[in-house]
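Please read these numbers as outputs of a predicted model, since none were measured by experiment.
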Amino acid sequence: MERKLNIWLVSREYAGIAEAGGVKNVACSLAETLVSLGHKVTLFIPLYKCTILKNCSSYNCYYHHPVHFSVEHKEVTVSFSHGTKNNVEIVFIGNSHFIEKQGVYTYTQEEEEKDFSHKKGEGHLDSQYLNTLFQKAVAYYGLTCSREDAPDIVHCQDATAALVPFFIEYGKQTQSYFADFYRNTKSIVTIHNAGPGYHHEFSSVKEAEHYTSIEEKYLSPGLLNGKVEPFLLSACCASFTTVSPEYAKEILEGKTDTAGLSQEFSKRNIKITGITNGIDAFKYSPENPEISLLPYSYSPENKDLKGKILCRNDFVREYASPLSAEKNKSLELTQYGYISPEVLTDESQVFICYHGRVVHQKGIDILAQAAQELLEKNLPVNFIFAGQGFPALERMLSDTAEKYSGKCVYLKGYNQKLARLSVAAADFSLHPSYFEPCGLEDFIAQILGTIPVANATGGLCKIVSDETGYLYSPNTKEELAKTLYSLIKIKSIPGENIFLNMISYAAKYVKNNFSWKNITENGYIPLYKNIMASRKD
């Protein structure tokens, strides 16, 4: 009988509990899939003010006894509470620094109104303290457990959890209980984004020593260009994965900007295993409006797109028209420009959307410039932009929408229902990212019967060009505009939808190849067992 694993999964965010970026979906889906396959999973996450405890069952605010350790050379106390969600055990890390936070990583409008130094959307001023506190608490949790509860695997999600293996290893070298409890435990760190600004590095050895309360000699292996990198500190005691094989290759070959990590990984002969993120396709299923949140049902797999056209009609008339601005305000969305409802009676019209974060990584400048070039040509095309982020890039989209009102709309903000409807309403979705570790929006587009058009980088290379979508290179406004121009010309021909077979195949391809069950059984479980094979029982 196959031995079942005891896995600790460590993440600052988790879908349905405390949400921020894409890490929440990976952590949740991987945990729930592992449990469905019979493995024991314990998730570690801070207890924030924004934590959605109603989604937990059996919540117990007194779980294991508190632990004490040093941060900033001062003793801190951390308590542990407990709950479950879909059979995943959840351990909440409790401390006043977390319980006061209304957002996972950034301040909210309410926090800014109370303290003007806490700017909405900016990172917490005490983020280094929070990260250190959280990760040390996970390592020290072992002090509250019996020996038989020791994990086989500690799987840490991204830089905000990357120090856990280091803290465990340091504990094993300095405390006998750590050495005994974790003696057969193996650690994994998944890099979700190695780009600049995502490392959560310490600015110096002195700063690292200050926060961790650990001697400099243990911290110096993490040095890179004067800073102490969490990924490098754990490199000697953890295995590394990232969220697609192509992104792993780009990191290891220095083909993506990692602020020097790529070169250091190569110098130290650090290996990275690429495992593409899966997707719970059923959570977006257009066949079921209660799940998809769409107003009409349709089936891309079965080539039934009648409901998709009705969704488009609803979107344009209700949320993208000259009269919909006030309605969008009630959804906390700001509308710029509009799409003329008259285009809905013209079957030659093509709809292209972008939904996602409005940040430089996503190629917003390329997107806006390519859209402007095509709109200047007076083609039968309409653009939908939806999302929020960096103010200067938001202005780029709003200026484009205002200039080309009637053919372009930008909905600034986020509303889950409208986000999905904006993608479902389109024929093509845009993904001009400069770099993309994995990408989820291309999956969602394919499930909703919308064809992705993407720069051939990182995880976006999981798109099979000319079969499940279209890849282009180089990532310039000219190349994107040229690619879209050809697609617009083909799609605008009245009559039979010649993309129907691609739409059907893409939806099936994603469901068959990228389900979390498939990814977990064929990717993560073999990795766990391979790593464990080297341990001494």
- Task: Specify the closest pair of heavy atoms between Leu47 and Ser81, including all atoms of both residues, with the distance to one decimal.
- Result: CD2-OG, 4.2 Å
- Task: Could you grab the distance from atom CG of Leu421 to atom CG of Leu411, nearest 0.5 Å is fine?
- Result: 10.0 Å
- Yes or no on side-chain contact (heavy atoms from CB on, under 4.5 Å) for Lys40 and Lys4, after CA distance, side-chain angles and deciding distance? CA-CA 7 Å; Lys40 180 182 179 181; Lys4 298 304 181 181; over 6 Å; no
- Kindly assign one of parallel, tilted or perpendicular to the pair Tyr107 and His124, based on the angle between their ring planes and the thresholds 30° and 60°. perpendicular
- Message: Given Tyr434, which partner from the list Thr457, Asn455, Ile366 fulfils the side chain to side chain contact (heavy atoms under 4.5 Å, CB included) test?
- Response: Ile366
- Query: Would Lys462 and Glu246 pass as an ion pair if we require N to O under 4.0 Å?
  - Reply: no
- Item | Listed once per pair and sorted, the side-chain hydrogen bond (donor to acceptor under 3.5 Å, both in side chains) pairs that draw on residues 9-23, sequence neighbours left out | Arg12-Tyr48, Arg12-Asn131, Glu13-Tyr105
- Shortest non-hydrogen contact between Pro230 and Ala159, atoms and distance: CB-O, 4.2 Å
- Does a side chain donor of either Tyr198 or His192 reach within less than 3.5 Å of an acceptor in the other side chain? no
- Query: Is the number of heavy atoms from other residues, nucleotides or ligands under 6.0 Å of Lys283 NZ greater than 12?
  - Reply: yes
- Item | Pair Tyr528 + His39: ring centers closer than 6.0 Å | no
- Query: How far apart are the closest heavy atoms of Thr468 and Tyr505, and which atoms are they?
  - Reply: CG2-CE2, 3.7 Å
- Item | Nearest atoms (heavy-atom pairs only) where Leu233 meets Phe166 | O-CD1, 3.8 Å
- Message: Show the nearest heavy-atom pair for residues Ile153 and Ile188, with the distance to one decimal.
- Response: CG2-CD1, 4.2 Å
- Value rounded to 0.5 Å, distance of CD in Glu216 from CG in Leu223: 9.0 Å
- Reported CD-to-CD distance for the pair Glu436 and Gln361, which is rounded to 0.5 angstrom: 5.0 Å
- Item | Asn95 side, atom CG; Lys101 side, atom NZ - distance, nearest 0.5 Å | 9.5 Å
- Message: Is there a side-chain contact (heavy atoms from CB on, under 4.5 Å) between Thr160 and Leu130? Walk through the geometry before answering.
- Response: CA-CA 9 Å; Thr160 54; Leu130 295 174; over 6 Å; no
- Message: I need the Phe44 CZ to Glu89 CD distance, nearest 0.5 Å.
- Response: 10.5 Å
- Message: Check this for me: does any side-chain nitrogen of one of Glu479 and Lys482 sit under 4.0 Å from a carboxylate oxygen of the other?
- Response: yes
- Item | Polar contact flag, side-chain donor to acceptor under 3.5 angstrom, Glu441-His431 | no
- Message: Is there a ring pair (Phe, Tyr, Trp, His ring centres under 6.0 Å) between Phe69 and Phe167? Walk through the geometry before answering.
- Response: CA-CA 12 Å; Phe69 52 83; Phe167 287 134; 8.4 Å; no
- Apply the test side-chain contact (heavy atoms from CB on, under 4.5 Å) to residues Val358 and Tyr410: give CA-CA distance (whole Å), side-chain angles for both, the deciding distance (0.1 Å), then the verdict. CA-CA 11 Å; Val358 181; Tyr410 170 39; 4.0 Å; yes
- Query: Would you call the rings of Tyr129 and Tyr211 parallel, tilted or perpendicular if under 30° counts as parallel and over 60° as perpendicular?
  - Reply: perpendicular
- With distance as the sole criterion, is a donor-acceptor pair present between the side chains of Thr190 and Thr241 under 3.5 Å? yes
- With rounding to the nearest 0.5 Å, note down the distance linking CG in Leu5 to CE in Met532. 5.0 Å
- Could you tell me which residues satisfy side chain to side chain donor-acceptor pair (under 3.5 Å) with Tyr140, sequence neighbours excluded, listed by chain and number? Gln175
- For residues 217-252, pull every pair meeting ring pair (Phe, Tyr, Trp, His ring centres under 6.0 Å), keeping only residues two or more places apart or in separate chains. Tyr170-Tyr218, Phe240-Phe265
- Query: Is atom CG of Asn522 surrounded by more than 12 heavy atoms (other residues, nucleotides or ligands) closer than 6.0 Å?
  - Reply: yes
- Item | Atom of Ser465, atom of Leu471 and distance for their closest heavy-atom approach | OG-N, 3.1 Å
- Are Lys255 and Glu253 close enough for a salt bridge, meaning some N to O gap below 4.0 Å? yes
- Item | Check: Asp149/Tyr141 side-chain N/O donor and acceptor closer than 3.5 Å | no
